[in-house]
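Remarks on the structure that follows.
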Amino acid sequence: MNPIHLTQLWAITRYEMLMHWRRRGLSITMLTALAVLVVTILISRSQVDMQMVENHQEAATLFVILITWSPCIVLGLLLPLSLCDAIPLDRYYHVDDLLGSVPLAQSIYLTGKLLGGIVAGWLALLIAMFISAIFWRLIIGAYDLGVYAELWLVGAGMLVVLNGGLGILAAVGQSTQRRAIGFTLLSGLAFIYLLSLDKSGTLLEYFGLFRPHIISFPSLDDNTIDLITEQTVVAFALGLIELFVIWLAALGWLKWRDHRA
Amino acid sequence: MIEINNLTKTYSGNVHALRGVTMTIGSGMFGLVGPNGAGKTSLMRILAGLLRPSSGSVNVFGHDMTTSQGKQATKALLGYLPQELGLYPNLTAREFLDYIAILKGVTDSSTRKRQVEELVEMVRLSDAANRRLKTYSGGMKRRIGIAQALLGTPKLLIVDEPTVGLDPEERVRIRNLLSDMASRCTVILSTHIIEDISHSCNDLAIINKGGVLFRGNPSDLITRARGKVWTILTSGERPNNGLAVVSTLQLHNGVQYRVLGTPDAHYNATPVEPSLEDSYIWTMSQSQLPHQEMPIPVP
Ligand SMILES: Nc1ncnc2c1ncn2[C@@H]1O[C@H](COP(=O)(O)OP(=O)(O)O)[C@@H](O)[C@H]1O
Ligand SMILES: [Mg+2]
């Protein structure tokens with residue numbers, strides 16, 4: 001790769017991230033995840049022996065992990081909706097003509113958009129993780145921060161990469177923000193429906209947007225919390241392949257549009 | 001040098017935007033004049049590598065624009081101001097220019113910083129450069145559009161209707177700025193306002209309905225209309241018989257019309273030296289079918 005390409009890639013990533021943060025979508029997604037956290041706590045408080053949770057660190061950790069799972073999932077599912085307008089907005093704002101007049105390869109453009117969105121999503125994740133960590137500390141005291149960070153950084157982190165990335169790439173052909181969001185929502189639901197036609201449920205487990213193998217609801221079997229299993233690695237690897245295939249399709253679409261112009 | 005050979009562009013729906021355009025454009029400032037819908041934007045988008053011609057060839061500084069390598073090579077030398085200029089509303093002018101500069105290949109950050117500062121200064125937006133672009137007025141946006149086109153010291157500057165929507169002072173400033181640039185690079189300027197090119201272009205083409213009506217310098221254009229421009233003084237009735245009225249002036253002893261064509265003897269017409277605008281209108285009128293209405297620009 002030419003050094004100019006790297007500099008271009010870095011610039012698109014950086015400015016894309018900045019622009020995501022200056023729009024509302026990402027903040028709304030992050031705040032929604034935090035709101036879900038609060039609501040889940042309020043609901044589960046009455047059903048759990050809080051005395052016991054506050055006095056035993058293991059119980060506290062389990063409680064934290066079980067409840068933090070929901071905002072992680074919410075973040076992973078809402079993120080595609082808040083990132084999917086990245087490419088459509090370039091057309092909507094008419095910046096695509098300017099971008100077409102500079103020596104910029106479509107592959108660099110597309111990758112920059114993808115990375116910018118993912119980095120922006122990760123930033124939302126880090127902020128949510130940090131705020132909720134403080135929150136937990138205040139309401140239940142000590143818990144295992146390592147497991148907590150693992151849930152966010154590995155579980156939710158992979159979800160952000162895969163779902164966020166898919167959201168950005170799949171909406172490449174839409175022309176407005178509204179269409180992009182509608183398309184992402186509908187195609188996401190259609191995708192889940194198609195996967196559910198597989199009666200064994202395997203497809204849904206690996207490719208379903210909830211990604212149960214990647215961010216599984218913690219099992220309490222033997223009092224240890226295993227968030228990362230062999231299946232997690234396989235599911236993430238498969239997700240990356242899925243992302244790459246969609247990247248190729250999106251690139252093909254961009255090139256086809258250039259060719260038709 | 002830019003060589004355009006038998007270039008056509010047909011949009012879907014059988015819209016013929018360009019019908020076999022052939023011309024050579026040298027260095028300096030080149031004006032592309034024509035009414036709305038003439039095909040100016042289509043031609044410029046092809047030159048900028050944004051639009052694929054239907055047939056014909058375009059060669060920009062030796063790069064064949066029908067190949068993708070040729071397009072990329074041209075884009076590396078290009079500054080382009082689209083007619084429908086779009087900016088990122090949530091970036092500040094400085095950020096936006098920095099972004100475009102990197103994409104144009106100005107990778108050294110101190111060079112980039114210096115260029116951005118010089119250009120915001122040049123378009124007189126230094127004070128507003130840290131404001132988000134969504135707060136900018138139309139004229140300010142267009143000035144940022146010009147500034148981004150000049151980033152990376154292009155060898156070819158293509159500006160599509162750069163003065164539309166600007167107030168007279170801004171128009172003069174932009175015209176002067178482009179004239180200055182023309183000493184360093186090839187500037188192709190499109191406009192439907194003849195005044196935009198009358199002061200600055202030594203070379204121009206008039207296009208209409210996708211065809212070239214005139215190609216040459218302003219004095220050649222004026223020569224064409226010599227002997228066709230007259231003033232007529234009447235007590236009020238409008239001259240007709242195939243004459244095109246370009247202006248009307250109320251005087252104390254009647255109404256003075258400036259007309260194009262060959263007036264009847266009874267009008268007692270006085271010949272006058274054509275202006276560039278007269279010549280443009282004359283050229284346009286000569287290309288029309290006799291029963292079609294003449295396109296007289298509304299002042
Ligand atoms: N994308 C398009 N699809 C169909 N027709 C178009 C398109 N762009 C321009 N045209 C038509 O092509 C002709 C030339 O347009 P254009 O090049 O924009 O002219 P100008 O810039 O001189 O106003 C017009 O009739 C216009 O309606
Ligand atoms: Mg135009």
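In what follows, chains are A, B, ... by sequence order, proteins preceding strands, each numbered from 1.
- The candidate from B:L77, B:L91, B:L78 with the greatest count of non-hydrogen atom pairs under 4.5 Å with chain A is B:L91.
- Around the CZ atom of A:F210, the shell of radius 6.0 Å holds no more than 12 heavy atoms that belong to other residues, nucleotides or ligands.
- Of the residues considered (B:P89, B:G79, B:G105, B:G145), B:P89 shows the highest number of contacts with chain A, using heavy-atom pairs under 4.5 Å.
- Proximity to chain B is limited to the side chain of A:L18, based on heavy atoms less than 4.5 angstrom apart.
- Among B:L51, B:I102, B:L103, the residue with the largest count of heavy-atom pairs under 4.5 Å with chain A is B:L103.
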Is there any N or O donor on one of chain A and chain B with an acceptor on the other under 3.5 Å, and could you list each such pair with its distance?
unit_1: A:Q8; atom_1: NE2; unit_2: B:L103; atom_2: O; d: 2.8
unit_1: A:Y15; atom_1: OH; unit_2: B:E95; atom_2: O; d: 3.4
unit_1: A:Y15; atom_1: OH; unit_2: B:D98; atom_2: OD2; d: 2.6
unit_1: A:R22; atom_1: NH1; unit_2: B:N90; atom_2: O; d: 2.8
unit_1: A:R22; atom_1: NH1; unit_2: B:E95; atom_2: OE1; d: 2.7
unit_1: A:R22; atom_1: NH2; unit_2: B:E95; atom_2: OE2; d: 3.0
unit_1: A:D90; atom_1: OD1; unit_2: B:Y88; atom_2: OH; d: 2.6
unit_1: A:D90; atom_1: OD2; unit_2: B:Y88; atom_2: OH; d: 3.2
unit_1: A:H94; atom_1: NE2; unit_2: B:E84; atom_2: OE2; d: 2.9
unit_1: A:D97; atom_1: OD1; unit_2: B:R45; atom_2: NH1; d: 2.9
unit_1: A:D97; atom_1: OD2; unit_2: B:R45; atom_2: NH1; d: 2.6
unit_1: A:G100; atom_1: O; unit_2: B:K75; atom_2: NZ; d: 2.8
unit_1: A:H259; atom_1: O; unit_2: B:R52; atom_2: NE; d: 2.9
unit_1: A:H259; atom_1: ND1; unit_2: B:R52; atom_2: NH2; d: 3.4
unit_1: A:A261; atom_1: O; unit_2: B:R52; atom_2: N; d: 2.9

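- The two residues A:P103 and B:A76 have their closest heavy-atom pair at CG-CA, 3.8 Å.
- For A:L89, no part lies under 4.5 angstrom from a heavy atom of chain B.
- For the pair A:L98 and B:L85, the minimum side-chain heavy-atom distance is below 4.5 Å.
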